[in-house]
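The structure under discussion appears below in the form of structure tokens.
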Amino acid sequence: MDSEELTEQETALYDRQIRVWGVDAQRRLSKSHILVSGTKGTVIEFCKNIVLAGIGSLTLMDDRLVTEELLSANFLIPPDENAFSGNSLAELCCDSLRDFNPMVRVSVEKGDLSSFGGDFYDKFDVVVVSCCSLSKKKLINEKCRKSPKRIAFYAVDCRDSCGEIFVDLQNYTYAQKKLDDTIERTLQYPSFENIENFLVFALFTGHSLENRGRGDDFSQSFK
Amino acid sequence: MASEEQLLAIKKAKVLMVGAGGIGCELLKTLALSGFQDIHIIDMDTIEVSNLNRQFLFRQSHVGQSKAKVAREAVLRFRPHISITPYHANVKDPEFNVDFFKQFNVVLNGLDNLDARRHVNRLCLAANVPLVESGTTGFLGQVTVHIKGKTECYECQPKPAPKTYPVCTITSTPSKFVHCIVWAKDLLFAKLFGDKNQANDLNVRSGDATGSSEHAEDFFERREDEDFEQYGRRIYDHVFGYNIEVALSNEETWKNRNKPKPIYSRDVLTGEFVQQNGNLDKNSHIDDPSTVSAMASLGLKNPQDIWSLVENTRIFLESLKLFLGKREKEIGNLIFDKDDQLAVEFVTAAANIRAASFGIPMQSLFEAKGIAGNIVHAVATTNAIIAGLIVIEAIKVLQSDTNNYRMTFCLEHPSKKMLLMPVEPFEPNKSCYVCSETPLLLEVNTHRSKLRDFVEKIVKAKLGMNLPLIMHGSTLLYEVGDDLDEDMVANYSSNLEKVLAELPSPVTGGTVLTVEDLQQELTCNINIKHREEFDEEKEPDGMLLSGWVQSPQMKKVNHKQVDNEDSTSIVSQPVHVETEDVNETEIVVSTGTKRKSSEISSTSSIASAASVGTRSNQKPEEINDDDDDDLVILDGHSDTLKKKRLQ
């Protein structure tokens, strides 16, 4: 969507959320391109939410084949073995996600993200990784940081009743609304490499943060 | 995550979901993925386009179909072997009686209006079934647990009724844009396009009963020799020009207020060539009346633009013409519908012109539509979070894990680095008339108020009873039912029209009335106190109900009780449109009746953490929205809570 104004269709569909974050944020969302590697659990929730929000495109990477364990928290894939027939997780999720919002381009990319070159990364505004080793996450984060354009990096994992999200928005300037006026603030995010121990986002008495990954995190990263 | 016992409890559980919308879709998905196998779901609505940004079980092709049924089909696709029983019905229907509710281990609400929530609350109390309540608006949300006898019921802390405005504010002295919307929607639109037989305060003027009101009846009818343009301008000049001048003639009203300016079309549309039935032709190729639009025919494309007075005037006249020319059959029966583009255009324009007259800033169609249609802003993520929390509480309930029940508030911005705030549920309010039979007090002029007023405004509206029974001692004054014989029906009808003091069993000061709703299994005793005078503005109904005794250490705090209906309507028309909206609330929080008060020191902090100024009608009594540091709730107790967290 390159036009400046939202189409009538978009205005009708996104009415309720435009009332939350405004037309400008919606426009920026519609121009954004997101890459997701590792389609399981939390990340699938994220994919659902971000597609519903109306981004420009979502690219999925996950060459693993379906297993019962991988299906357990996956509401995108019907448990029909015939439908699996050699399709990867990403391919199966892709079909369902397209249904959620026909205005978002959902596609699949095969391969190992950590081995791809900078020009591949440059296509995206946000990279979300899950289900991979520490060293791979570090590598992917570095590639995001090397890009001339700012690529937001998120590493997400969820186990039992604990979840963690690592966020790197590099140099991030945003507007903070106080009572009477708006202040500009800048944050310097440390890279993955600079973090020695993860902050485990603990949960109150077993509350699961599986559903994090809100629209507002992302709309802010486009400001 | 789940232990063996939890898994077993989940597998055996029979769960009722009320609502298959924003929260409902996420909740059904999460329940299914969590292993629940027997789910019943009630929802009376059908799917609309604006739902699709978050109610992800639905597709464009499903628009118009039952939410409960489509949700079920969508979930069965990824969990084919579980049982989901859908009901495309209103939860207030008699089929959902106490016996129906008794079959469930827990009831999970995903509703969007106060009325239904109260009804379900009462049925859960009557059936002694735990209730997990919830609500979301934008980025805010909350989940609460209600167990009879152990925690507060949903109504222990009074929720405010939908916002209404005094008639005179709407008809004579608007000061906010919303007043102009209500005028445009409930008065002007209703007068021009709605039921002509319905009483309408459009031409109400304080203390003016002149002969001109005689032909006021026919004034709004189009004359035989009048074309659309002339008619439109005549109406325009009357409501925005003449009526204002008449209002101005009453000096008293404007002593301490800014005076409005009369606006006449000839002054606004200077030099415009008046076209007979003007732009009707641009829309002539459109056969479908529902797509007719004044914005389209005038080339105004962006609903976010704020139109000038000239543009508003043009829209006003054009939309009026289009109604008359393209939708004449509907005139006389039209009710304002936020999805009716032309109606929204007309109301926006009319409200804006009135606003301009009174010096109130004008708004875009987008904004106006939100106000007029009581639209709740909503995103998918908050619903997803809340649904997750609901399931967590539901699992605790199934295991009777009483000590761990929590009310959880989802904030817009983290407070002390926490986005979710869990709080222990409070003990039942001993003076709650719903769960702890407490008598109420009604002050009323027993010689002026009729039984009908009592039934509509108090028993149904305030007490939330659906099918009430009213008794004075052993005399039945009124009841509703299918099996009543003719004599009784006639008796009740005549009772409704009598003033209280003249009822067969006279109701005067000192009388105790018993009101009951058999379906909700709720009985309430009301002590009557006679009072002569009532303030027209503050007590427009002429009746005052009180009786919730507040515990000693109540602190009034400001928290958004999210997602309750809030109809922008005027007092004289208490029709509660069942649409979604936020209702800002003053939650009265008692520090004295918490079960483990050592854990949480000050409850005013709930407000400071929870209140955010996103809605314009919020009273910023205790806003503390700046810093992240003031979650007093944790000061000095952070260690205790940390320990709890990392179990």
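Fair warning: this is a prediction, and the values are worked out from it, not measured in the lab. Proteins get letters first, then strands, A, B, ... in listed order; numbering begins at 1 in each. Hydrogens, waters and symmetry mates are skipped; everything else that's a heavy atom, side chains included, is used.
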Practice prompt. Please look at A:Asn74 and chain B and tell me whether the side chain, the backbone, both or neither of the residue comes under 4.5 angstrom of a heavy atom of that chain.
Written response: backbone

Worksheet item: Is there a donor in the side chain of A:Gln17 and an acceptor in the side chain of A:Gln26, or the other way round, less than 3.5 Å apart?
Response: yes

Practice prompt. May I ask you to establish whether A:Lys48 and B:Phe56 are in a cation-pi arrangement, using a distance under 6.0 Å from NZ or CZ to the six-membered ring centre and at most 45° from the ring axis?
Written response: yes

Worksheet item: Between A:Asn101 and chain B, which part of the residue has a heavy atom less than 4.5 Å away: side chain, backbone, both or neither?
Response: neither

Response to the item:
Under 4.5 Å to a heavy atom of chain B? For A:Leu71 that would be backbone

Worksheet item: Using a cut-off of under 4.5 Å for heavy-atom pairs, which of A:Ile77, A:Val51, A:Leu76, A:Val23 has the most such pairs with chain B?
Response: A:Val23

Worksheet item: Relative to chain A, which segment of B:Arg77 carries a heavy atom at a distance below 4.5 Å: side chain, backbone, both, or neither?
Response: backbone

Worksheet item: Heavy-atom distance under 4.5 Å to chain B: side chain of A:Leu13, backbone, both or neither?
Response: both

Fill in: Any residue meeting salt bridge (Lys or Arg N to Asp or Glu O under 4.0 Å) with A:Asp95, in chain and number order, not counting sequence neighbours
A:Arg98

Worksheet entry | Donor-acceptor side-chain pairing of A:Ser191 and A:Asp168 below 3.5 angstrom | no

Worksheet entry | Geometric cation-pi criterion, A:Arg19 with B:Phe366: 6.0 Å, 45° | yes

